[in-house]
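Remarks on the structure that follows.
Here the structure is a predicted model, which means the values were calculated and not measured.
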Amino acid sequence: MPVKLEERQAREIPVYLFTGFLGGGKTTFIQDTLNSPEFDADVPTLLLVCEEGEVEYDVTAFASPENVFVEYIEDEENLTRMNLQRIASKYRFDRVLVEYNGMWMLQSLFENMPPNWLIAQEMLFLDATTFLMYNQNMRQLCFDKMQTAELVVFNRCTKGFDKMPFHKEVRVANRRSQILYEYGPYDVEPDDIEDPLPFDKTQSRIEIADEYYAEWYRDINENEDDYEGKVLKLKGRVAMAEDLNVKGRFAFGRHVMTCCVEDIQFAGLMCIYAGADQFKTGDWVEITAKVRIEYEEAYGEKGPVLYAKTVTPCEPADPEVATF
């Protein structure tokens, strides 16, 4: 029986998102999950398949096939809010499993999900034998999947292989995701490689080398309380904005490339300095500044603000565009 529009919009529906490329193991994992009665088999489930892989679903093997509704979206142009709402109106379900097409950017899904669909978990499955090649040739697509995944599973691994290239690529995109290496059925190893920062943030004074700006910027935003009261010395550029409307303030930062040239953006923090009007947008400066975590109108929330003791013109950082 079709579900009333009001009911569909009122109920929050958790979405379990499975991403990766062909051969990555998404279908097998979802099949095994739905085969298991332990996955709350009595919960009505919409299985949204956006990619027909090498393995087909065996619905008859599901623990509760009558409670699983399978819908296919074969073309990205059909991944629209209207189409997803049409599918949602056909069934009464309490969760959604999405097998996502690795060649589609995730934004296509995020922008078109019905407003009451909420991502509950995102898992990325990758074939270790092809990942490095995919990452080199389709960097933007790989980065797109890694940057929001809570769990990254590399399957088809071989004992004793070098994990570091895989670990590094995931960590560039996402420092918080869990990483697993799968060698075979029931033979899984968690990633235990430590990621020490290239600077010692336990010190009261911290100097950030040019090549480590991106790591520092990400860390101060993820772990801002660690920097409260610390004095920093580093290079960056001045950005004067008309909407600041207050003298003695400018944005201090650098352009950062996380994935590819198309995603280069200015990554900066608010800087308070009485002599700010001596500089103009684009100037390279070296600052010595104390960090305070406080509400900042430009952020719209609390965050790290740099109170500069010195701001000195300097040569451009090397490299000028920061990368991870």
query = Could Glu296 and Arg249 be called an ion pair, given the rule that one side-chain N must be under 4.0 Å from one carboxylate O?
reply = yes

inquiry  = Strictly distance-based, threshold 3.5 Å: is any side-chain N or O of Tyr100 a donor or acceptor partner for the main-chain N or O of Met105?
reply    = yes

remark   = The salt bridge (Lys or Arg N to Asp or Glu O under 4.0 Å) partners of Lys290 (sequence neighbours excluded) come to none

query = Same cluster for Leu124 and Tyr16 if Ile/Leu/Val/Met/Phe/Trp/Tyr side chains link at under 4.5 Å?
reply = no

message = Looking at Glu297, I'd like to know if its CD atom is crowded, meaning that more than 12 non-hydrogen atoms belonging to other residues, nucleotides or ligands lie closer than 6.0 Å.
response = no

task = Please answer: with hydrophobic residues joined when any side-chain heavy atoms are less than 4.5 Å apart, are Tyr57 and Leu22 in the same cluster?
result = no

request  = Would you please name every residue forming a side chain to side chain donor-acceptor pair (under 3.5 Å) with Thr312, sequence neighbours left out?
outcome  = none

task = Determine the interplanar angle of the Phe199 and Tyr227 rings, folded into 0 to 90°, and report it as parallel if under 30°, tilted if 30 to 60°, perpendicular if over 60°.
result = tilted

ask   = Looking only at atom types and distance, does a side-chain atom of Thr288 sit under 3.5 Å from a main-chain N or O of Lys233, one as donor and one as acceptor?
value = no

ask   = Counting only heavy atoms not in Glu38, do more than 12 fall under 6.0 Å of its CD?
value = no

inquiry  = Whether the side chain of Asp210 engages the backbone of Asp318 through a donor-acceptor N/O pair (distance < 3.5 Å, no angle test) should be reported.
reply    = yes

ask   = Atom CG in Leu34, atom CG in Leu97: separation rounded to 0.5 Å?
value = 5.5 Å

ask   = Do the charged groups of Asp277 and Lys247 touch, with an N to O distance under 4.0 Å?
value = no

query = Taking only residues two or more places apart in sequence or in another chain, which ones pass ring pair (Phe, Tyr, Trp, His ring centres under 6.0 Å) with Phe266?
reply = His255

ask   = Any sub-3.5 Å donor-acceptor pair from Arg175's side-chain atoms to Val170's backbone N or O?
value = no

ask   = Roughly how far, to the nearest 0.5 Å, is the OG1 atom of Thr202 from the CG atom of Asp226?
value = 10.0 Å

inquiry  = Are Leu306 and Val291 packed together at the side-chain level, in the sense that at least one heavy-atom pair is separated by less than 4.5 angstrom?
reply    = yes

Over 12 foreign heavy atoms within 6.0 Å of CD, Glu74 = no

key: Side chain to side chain, Phe62 and Asn35, heavy atoms closer than 4.5 Å   = yes

task = List for me each residue that meets ring pair (Phe, Tyr, Trp, His ring centres under 6.0 Å) alongside Tyr217, sequence neighbours excluded, and say none if there are none.
result = none

ask   = If Ile, Leu, Val, Met, Phe, Trp and Tyr residues are connected whenever their side-chain heavy atoms lie under 4.5 Å apart, and connections chain through other members, are Val231 and Val311 in the same group?
value = no

inquiry  = Taking CD in Glu315 as the centre, count heavy atoms belonging to other residues, nucleotides or ligands within less than 6.0 Å. Is the count above 12?
reply    = no

inquiry  = So does Arg11 get a backbone contact from the side chain of Asn116, meaning a donor-acceptor N/O pair under 3.5 Å?
reply    = yes

task = Taking atom CD of Gln136 as the centre, report whether more than 12 heavy atoms of other residues, nucleotides or ligands fall under 6.0 Å from it.
result = no

note = Quick note, ring pair (Phe, Tyr, Trp, His ring centres under 6.0 Å) partners involving residues 18-37, not counting sequence neighbours, are Phe18-Phe29, Phe21-Tyr134, Phe29-Phe125

task = Only counting residues at least two apart or in another chain, list the ones meeting ring pair (Phe, Tyr, Trp, His ring centres under 6.0 Å) with Trp284.
result = none

task = Test Tyr91 against Glu71 for side chain to side chain donor-acceptor pair (under 3.5 Å), laying out the working first.
result = CA-CA 11 Å; Tyr91 311 104; Glu71 288 280 342; 2.5 Å; yes

query = Below 4.5 Å, heavy atoms only, C-beta onward: do Gln31 and Asp58 meet side chain to side chain?
reply = yes

query = Would you say the side chain of Ile119 lies within less than 4.5 Å of the side chain of Phe110, judging by non-hydrogen atoms?
reply = yes

key: Partner set under side chain to side chain donor-acceptor pair (under 3.5 Å) for Tyr72, not counting sequence neighbours   = none

Residues in side chain to side chain donor-acceptor pair (under 3.5 Å) contact with Asn67, at least two apart in sequence or another chain = Ser64

inquiry  = Are Phe131 and Phe154 an aromatic pair, judged by ring center distance below 6.0 Å?
reply    = yes

query = Hey, does Glu189 have a side-chain heavy atom less than 4.5 Å from the side chain of Tyr183?
reply = yes

task = Please report the C-alpha distance between Lys235 and Cys314 in whole Å, then the side-chain angles of each, then the deciding distance to 0.1 Å, and finally whether the side-chain contact (heavy atoms from CB on, under 4.5 Å) criterion is met.
result = CA-CA 8 Å; Lys235 286 182 182 179; Cys314 67; 3.9 Å; yes

message = Would the distance check show the side chain of Tyr299 and the main-chain N or O of Met270 forming a donor-acceptor pair, the cut-off being under 3.5 Å?
response = yes

If you look only at distance, which donor and acceptor atoms sit under 3.5 Å apart when one is on a side chain in residues 41-49 and the other is two or more places apart or in another chain?
from, atom 1, to, atom 2, distance (Å)
Thr45, OG1, Val43, O, 2.9
Thr45, OG1, Arg95, NE, 2.7
Thr45, OG1, Arg95, NH2, 3.3

request  = To the nearest 0.5 angstrom, please state how far the OG1 atom of Thr80 sits from the CD1 atom of Ile73.
outcome  = 7.5 Å

request  = May I ask you to decide if Met113's main-chain N or O and Arg81's side chain share a donor-acceptor pair within less than 3.5 Å?
outcome  = yes

request  = Using a 4.5 Å cut-off on heavy atoms from C-beta on, say whether the side chain of Lys159 contacts that of Asp187.
outcome  = yes

query = Any side-chain heavy atom of Phe93 within less than 4.5 Å of one from Val68?
reply = no

request  = Say whether Ile193 and Val172 are linked into one hydrophobic cluster, either directly or through other cluster members, by side-chain heavy-atom distances under 4.5 angstrom.
outcome  = no

request  = Enter the distance from Arg176:CZ to Arg171:CZ here, rounded to the nearest 0.5 Å.
outcome  = 11.0 Å

remark   = Across all chains, not counting sequence neighbours, the side chain to side chain donor-acceptor pair (under 3.5 Å) partners of Thr148 are Glu122

query = Any link between Leu197 and Ile220 through a network of hydrophobic side chains (Ile, Leu, Val, Met, Phe, Trp, Tyr) touching at under 4.5 Å?
reply = yes

Distance-only check: which donor-acceptor pairs under 3.5 Å involve side-chain atoms of residues 161-169, not counting sequence neighbours?
from, atom 1, to, atom 2, distance (Å)
Asp162, OD1, Met164, N, 3.1
His167, ND1, Asp191, OD1, 3.0
His167, ND1, Asp191, OD2, 3.1
His167, NE2, Asp195, OD1, 2.6
His167, NE2, Asp195, OD2, 3.2
Glu169, OE1, Asn135, ND2, 3.1
Glu169, OE1, Arg139, NH1, 2.9

task = Working to the nearest 0.5 Å, report the span between NZ of Lys145 and CD of Gln147.
result = 9.5 Å

ask   = Looking at residues at least two apart in the chain, or sitting in another chain, which of them share a ring pair (Phe, Tyr, Trp, His ring centres under 6.0 Å) with Tyr307?
value = none

key: Main-chain N/O of Lys280 paired to Asp283 side chain as donor or acceptor, under 3.5 Å   = yes

request  = Taking the side chain as every heavy atom from C-beta outward, state whether Glu207 and Leu234 have any pair of such atoms under 4.5 Å apart.
outcome  = no

ask   = Is there a donor-acceptor pair under 3.5 Å between the side chain of Ser89 and the backbone N or O of Arg86?
value = yes

inquiry  = Against the six-membered ring of Phe69, is Lys90 placed for a cation-pi contact (under 6.0 Å from the centre, within 45° of the normal)?
reply    = no

query = How many angstroms lie between CD in Glu12 and CG in Asp94, if you round to the nearest 0.5 Å?
reply = 12.5 Å

ask   = Do side-chain atoms of Asn137 reach the backbone of Met133 as a donor and acceptor pair under 3.5 angstrom?
value = yes

